[in-house]
**Q** 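The structure's right below; bear with me while I get my questions together.
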Amino acid sequence: MQKRTHMAGELSEGVVGSKVTLAGWVARRRDLGGLVFIDLRDRSGIVQVVFNPRIAPEAHDRAERLGSEDVVLVSGTVERRPPGTENPSIPTGTVDVVADAIEVLSKSKTPPFYITEDLDADELLRLRYRYLDLRRPDMQRNLIFRHRLTMAVRRFLDSRGFIEVETPMFIKSTPEGARDYVVPSRLNPGKFYALPQSPQLFKQLLMVAGFDRYFQIARCFRDEDLRADRQPEFTQIDIEMSFVNRDDVLALTEDMMAASIEETLGVPVATPFPRLSYAEAMERYGSDKPDTRFGMELCDIGKAVEGSGFRVFREAVAGGGKVAAIVAPGCGGFSRREVAELEDMAKEFGAQGLVSIAVSRGEEGGLDFRSAVRKFLSEEELREIVRLTGADDGDLILISAGPSPVVQNVLGRLRLHLGSRLGLIPGNKMAFVWVVDFPLLEFSEEEGRIVAVHHPFTAPLDEDLYFLETNPLAVRANMYDLVMNGVELGSGSIRAHRRDVQERIFRALGLGPEEVQEKFGFLLEAFEYGAPPHGGIALGFDRVVMLLAGRKTIRDVIAFPKTQRAICPMTGAPGPISREQLEELHIEVVNGERIDPASNARES
RNA sequence: GGAGGCGUGGUGUAGCUGGUCUAACAUACCUGCCUGUCACGCAGGAGAUCGCGGGUUCGAAUCCCGUCGCUUCCGCCA
């Protein structure tokens, strides 16, 4: 067998006259009876091969019997195409390879879907035959781009003195955070490892160990429900640094993003990134991961309606809640049904209702208002609302009233919905923003207690330390999220490395000394042996790649992802294991049935 | 756990206010013809009991109920 000499996509007029040998897949065959053309595809691209019975009868004869996706080795001469037969739509369109020999290395069955750029096949089918899906040029581009970005990040961090260290995959389960994936221990009956949700504690220990600057392209696991941007296993760029403050971490991250994007996409990225406080993000965008590519910001109109005749508004303000609005530009003509859809959406997000006011300008420039609650609102109020929101002729004002978090959430989501529906979001823009000063603690309704917003090792802001004992929910954390285009790319914090501060946080969380010792004893012990001040960040690498590659789901930038039910249609994972395996692992499966805690009886 | 969308030859869709639907179109596939095509073209052919189960009806791809799968979102994701 001859050896490959060139890649298909590399051929150009520069090598006209050369003898070449190519290897690849038959992307397409065009049999004109006499002449046979095939488009030969390899990783680099496509080139047309011509089989002429007068030049190479045997090769032509074989070419007539080729099928889609057969793997072939072709030898021939690169020739300039006859004038008028060039194909400007492919990069190699000015040349042909005139074949003198072809060898079929491997036949292919007819593939279940087309191996083409713009495939619109069922995702289940794509995953079932992922190796064919990944043969498609756009998927190859995605994974190659991911590789380039990985390399750029590694190069950058290396140049800044970071050391890549691998941390264990089999770790101890801690009750905080997401649900753990769990691995049974054969050598320790009844005990389980957990797969890491992130290398958090280990990277902090590496700081104690004196590595100073650590990073890892780390696989992480979380057993939670899936989304377009969430897979059960995913990859983080995990970073930790010693002797730094918040600004150091933010600047490093900005430099890393800018350098790797400039290197891979050739697009300049302006730094520093804008910063918003958590409070401001919620006020202006109704989200802690604001999409800052477009306006339509929330507007507090509490002042305008605190004395309103409309009870819902008046009571919201009086009750310490909020009345706020967004303006949907040009939507004043929305039908009753369209408005009702927005109301339904608002209710889905927790609102009691949604007030809409259509604004129009009369002949003499006077403003007219159309609203279901028109009669409850005074002319003065309406004018003030218009003044505050900046609404004008043809606009639709949407108002939500109630507890602040609900109002912000509802309007924030409506903003996103309308922004996308009205085409207000520029698709080619990269809008980075830092969200900082998150609350350190929050009250969990579900658990009925105070929990850490980020994790229990996040340092409070120095100026808020005092509140830990007096008003713990008011304490702001020295923490930061990086957001791009409304997607949370990552978050991090400066850690609490001082034992006394750490103990005060645990107290605020309601954790007793024994519990702390049991859960995090090893870390606290480490901190007693000279822990440097440190902090870091972790970026969701799949999401970064997704956004930069312009895809809508991280599945498109992961070689072998899972479906929404967390299964792999290609391999069939997860699957059952044998009786023997189970016994070795000291595990009993109860028919896949849930054990009813109310009774000792088991389904047989 | 909840809400929405989708499920029809290999693939992508149409049909879905019940009755020439004996299921249509495109493409892929098979056969034949064709020496400059490039989504090659032309002619012919094979291929689907309409995700599955039940119900309503004289009659169901079409209506109803259930169920399964994919997907988007809510909850969840320190």
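Convention: sequence-line order gives letters A, B, ...; per-chain numbering from 1.
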**Q** Enumerate all atom pairs, one protein N or O and one N or O from nucleotides 74-76 of chain B, separated by less than 3.5 Å.
**A**
from: C74(B); atom 1: OP1; to: R413(A); atom 2: NH1; distance (Å): 2.8
from: C74(B); atom 1: OP2; to: R227(A); atom 2: NE; distance (Å): 3.1
from: G75(B); atom 1: N7; to: R227(A); atom 2: NH2; distance (Å): 2.8
from: G75(B); atom 1: O6; to: R227(A); atom 2: NH1; distance (Å): 2.9
from: G75(B); atom 1: O6; to: R227(A); atom 2: NH2; distance (Å): 3.1
from: G75(B); atom 1: N1; to: D225(A); atom 2: OD2; distance (Å): 2.6
from: G75(B); atom 1: N2; to: D225(A); atom 2: OD2; distance (Å): 3.2
from: C76(B); atom 1: O2'; to: E224(A); atom 2: OE1; distance (Å): 2.6
from: C76(B); atom 1: O2; to: R230(A); atom 2: NH2; distance (Å): 3.0
from: C76(B); atom 1: N3; to: R230(A); atom 2: NH1; distance (Å): 3.1
from: C76(B); atom 1: N3; to: R230(A); atom 2: NH2; distance (Å): 2.8
from: C76(B); atom 1: N4; to: R227(A); atom 2: NH2; distance (Å): 3.3
from: C76(B); atom 1: N4; to: R230(A); atom 2: NH1; distance (Å): 3.1

**Q** With heavy atoms under 4.0 Å as the rule, sort S68(A) into base, sugar-phosphate or nothing.
**A** sugar-phosphate

**Q** Just to verify, what does N409(A) make a side chain to side chain contact (heavy atoms under 4.5 Å, CB included) with, not counting sequence neighbours?
**A** F349(A), R413(A)

**Q** Output one letter per nucleotide in nucleotides 4-11 of chain B: B when a protein non-hydrogen atom lies under 4.0 Å from the base, S when only the sugar-phosphate is that close, - when neither is.
**A** ------BB

**Q** Checking all strands, does S444(A) fall into the base, sugar-phosphate, or nothing category for heavy-atom contacts under 4.0 angstrom?
**A** nothing

**Q** Which value, in whole Å, describes the distance between the P atoms of nucleotides G12(B) and C58(B)?
**A** 37 Å

**Q** Work out how far the P atom of G18(B) is from that of C64(B), and round it to whole angstrom.
**A** 11 Å

**Q** My understanding is that only residues two or more places apart in sequence, or in another chain, count here; which of them pass side chain to side chain contact (heavy atoms under 4.5 Å, CB included) with N52(A)?
**A** L35(A), R54(A), I55(A)

**Q** Please report the distance, rounded to the nearest Å, between CD in E64(A) and C1' in U31(B).
**A** 14 Å

**Q** Going by atom type alone, with no hydrogens or angles, which donor-acceptor pairs under 3.5 Å involve a side-chain atom of residues 77-85 of chain A and a protein atom two or more places apart or on another chain?
**A**
from: R80(A); atom 1: NH1; to: E13(A); atom 2: OE1; distance (Å): 2.4
from: R81(A); atom 1: NE; to: G93(A); atom 2: O; distance (Å): 3.3
from: R81(A); atom 1: NE; to: V95(A); atom 2: O; distance (Å): 3.1
from: R81(A); atom 1: NE; to: D96(A); atom 2: OD1; distance (Å): 3.1
from: R81(A); atom 1: NH1; to: T85(A); atom 2: O; distance (Å): 3.0
from: T85(A); atom 1: OG1; to: P82(A); atom 2: O; distance (Å): 2.7

**Q** With sequence neighbours excluded, what pairs up with R421(A) under the side chain to side chain contact (heavy atoms under 4.5 Å, CB included) test?
**A** F334(A), E338(A), E341(A), H417(A)

**Q** Determine which pairs satisfy side chain to side chain donor-acceptor pair (under 3.5 Å) with at least one residue from residues 32-42 of chain A, sequence neighbours left out, and list them in order.
**A** R30(A)-D39(A), R41(A)-E69(A), D42(A)-S44(A)

**Q** Less than 4.5 Å apart, side chain to side chain, heavy atoms only: is that true for F113(A) and L125(A)?
**A** yes

**Q** Using the test ring-ring contact (aromatic ring centres under 6.0 Å, His included), find all partners of H455(A) that sit at least two apart in sequence or belong to another chain.
**A** F457(A)

**Q** Please work out if V453(A) contacts a base, only the sugar-phosphate, or nothing of the nucleic acid, heavy-atom cut-off 4.0 Å.
**A** sugar-phosphate

**Q** Could you tell me the Watson-Crick or G-U partner of C25(B), where both distances fall under 3.5 Å? Say none if there is no partner.
**A** G12(B)

**Q** Using atom P in both nucleotides, what's the gap between A48(B) and A24(B) to the nearest angstrom?
**A** 12 Å

**Q** Kindly indicate whether the side chain of V26(A), heavy atoms from C-beta on, has any atom under 4.5 Å from the side chain of S68(A).
**A** no

**Q** Round to the nearest Å and state the distance from R565(A) atom CZ to G1(B) atom P.
**A** 12 Å

**Q** Going by the rule side-chain hydrogen bond (donor to acceptor under 3.5 Å, both in side chains), which residues pair with Y480(A) if we only count those two or more places apart in sequence or in a different chain?
**A** none

**Q** What residues, two or more places apart in sequence or in another chain, satisfy side-chain hydrogen bond (donor to acceptor under 3.5 Å, both in side chains) together with N485(A)?
**A** none

**Q** Find the partner of A3(B): check Watson-Crick (N1-N3 plus N6-O4 or O6-N4) and G-U wobble (N1-O2, O6-N3) distances, both under 3.5 Å, and reply none if neither fits.
**A** U72(B)

**Q** If you check the T563(A) side chain, which of U72(B), C29(B), C70(B) turns out closest?
**A** C70(B)

**Q** Taking C29(B) as the reference, what is the distance to U11(B) when you measure between their C1' atoms (whole Å, please)?
**A** 11 Å

**Q** In this structure, how many angstroms lie between the P atom of C29(B) and the CD atom of E69(A), rounded?
**A** 11 Å

**Q** Between F294(A) and R415(A), is there a cation-pi geometry (under 6.0 Å to ring centre, at most 45° from the normal)?
**A** yes

**Q** Using the C1' atom in both, what is the distance from G41(B) to G5(B), to the nearest Å?
**A** 39 Å

**Q** Can you tell me how far P of C29(B) sits from CG of D70(A), to the nearest Å?
**A** 11 Å

**Q** Using the C1' atoms only, state how far G15(B) lies from C21(B), rounded to an integer number of Å.
**A** 9 Å

**Q** Side-chain contact, heavy-atom cut-off 4.5 Å: S493(A) with R495(A)?
**A** yes

**Q** Starting from the 5' end of RNA chain B, give me the residue, G177(A) or A228(A), whose nearest nucleotide shows up first.
**A** A228(A)

**Q** Among residues at least two apart in sequence or on other chains, which ones pass side chain to side chain contact (heavy atoms under 4.5 Å, CB included) with P57(A)?
**A** none

**Q** What is the distance, to the nearest angstrom, from the CD atom on Q200(A) to the P atom on C77(B)?
**A** 17 Å

**Q** Could you check which nucleotide pairs with G41(B) in any of the strands shown, counting Watson-Crick or G-U wobble with both distances under 3.5 Å?
**A** C33(B)

**Q** Could you state the NZ-C1' distance from K109(A) to A28(B), rounded to the nearest angstrom?
**A** 15 Å

**Q** Please enumerate all protein N or O atoms sitting under 3.5 Å from an N or O of nucleotides 38-42 of chain B, with distances to 0.1 Å.
**A**
from: C38(B); atom 1: O4'; to: R30(A); atom 2: NE; distance (Å): 3.0
from: C38(B); atom 1: O2'; to: R30(A); atom 2: NH1; distance (Å): 3.4
from: C38(B); atom 1: O2; to: Q48(A); atom 2: OE1; distance (Å): 3.3
from: C38(B); atom 1: O2; to: N87(A); atom 2: ND2; distance (Å): 3.2
from: C38(B); atom 1: N3; to: R81(A); atom 2: NH1; distance (Å): 2.6
from: C38(B); atom 1: N4; to: R81(A); atom 2: NH1; distance (Å): 3.1
from: C38(B); atom 1: N4; to: T85(A); atom 2: O; distance (Å): 2.2
from: C40(B); atom 1: OP1; to: R28(A); atom 2: NE; distance (Å): 3.2
from: C40(B); atom 1: OP2; to: R28(A); atom 2: NE; distance (Å): 3.2
from: C40(B); atom 1: OP2; to: R30(A); atom 2: NH1; distance (Å): 3.0
from: C40(B); atom 1: N4; to: D31(A); atom 2: O; distance (Å): 2.4

**Q** Remember a base hit wins even if backbone is also touched, and classify D223(A) as base, sugar-phosphate or nothing at under 4.0 Å, heavy atoms.
**A** nothing

**Q** Would you say that R28(A) contacts I38(A) through its side chain, given a criterion of any heavy-atom pair below 4.5 Å between the two side chains?
**A** no

**Q** Write down the distance between CG (L66(A)) and P (C29(B)), rounded to a whole number of angstrom.
**A** 12 Å

**Q** When the C1' atoms of C34(B) and G44(B) are considered, how many whole Å apart are they?
**A** 15 Å

**Q** Whole angstrom is fine here: how far is it from NE2 in H60(A) over to C1' in U37(B)?
**A** 12 Å

**Q** When the P atoms of A61(B) and G2(B) are compared, how many Å lie between them, rounded to an integer?
**A** 30 Å

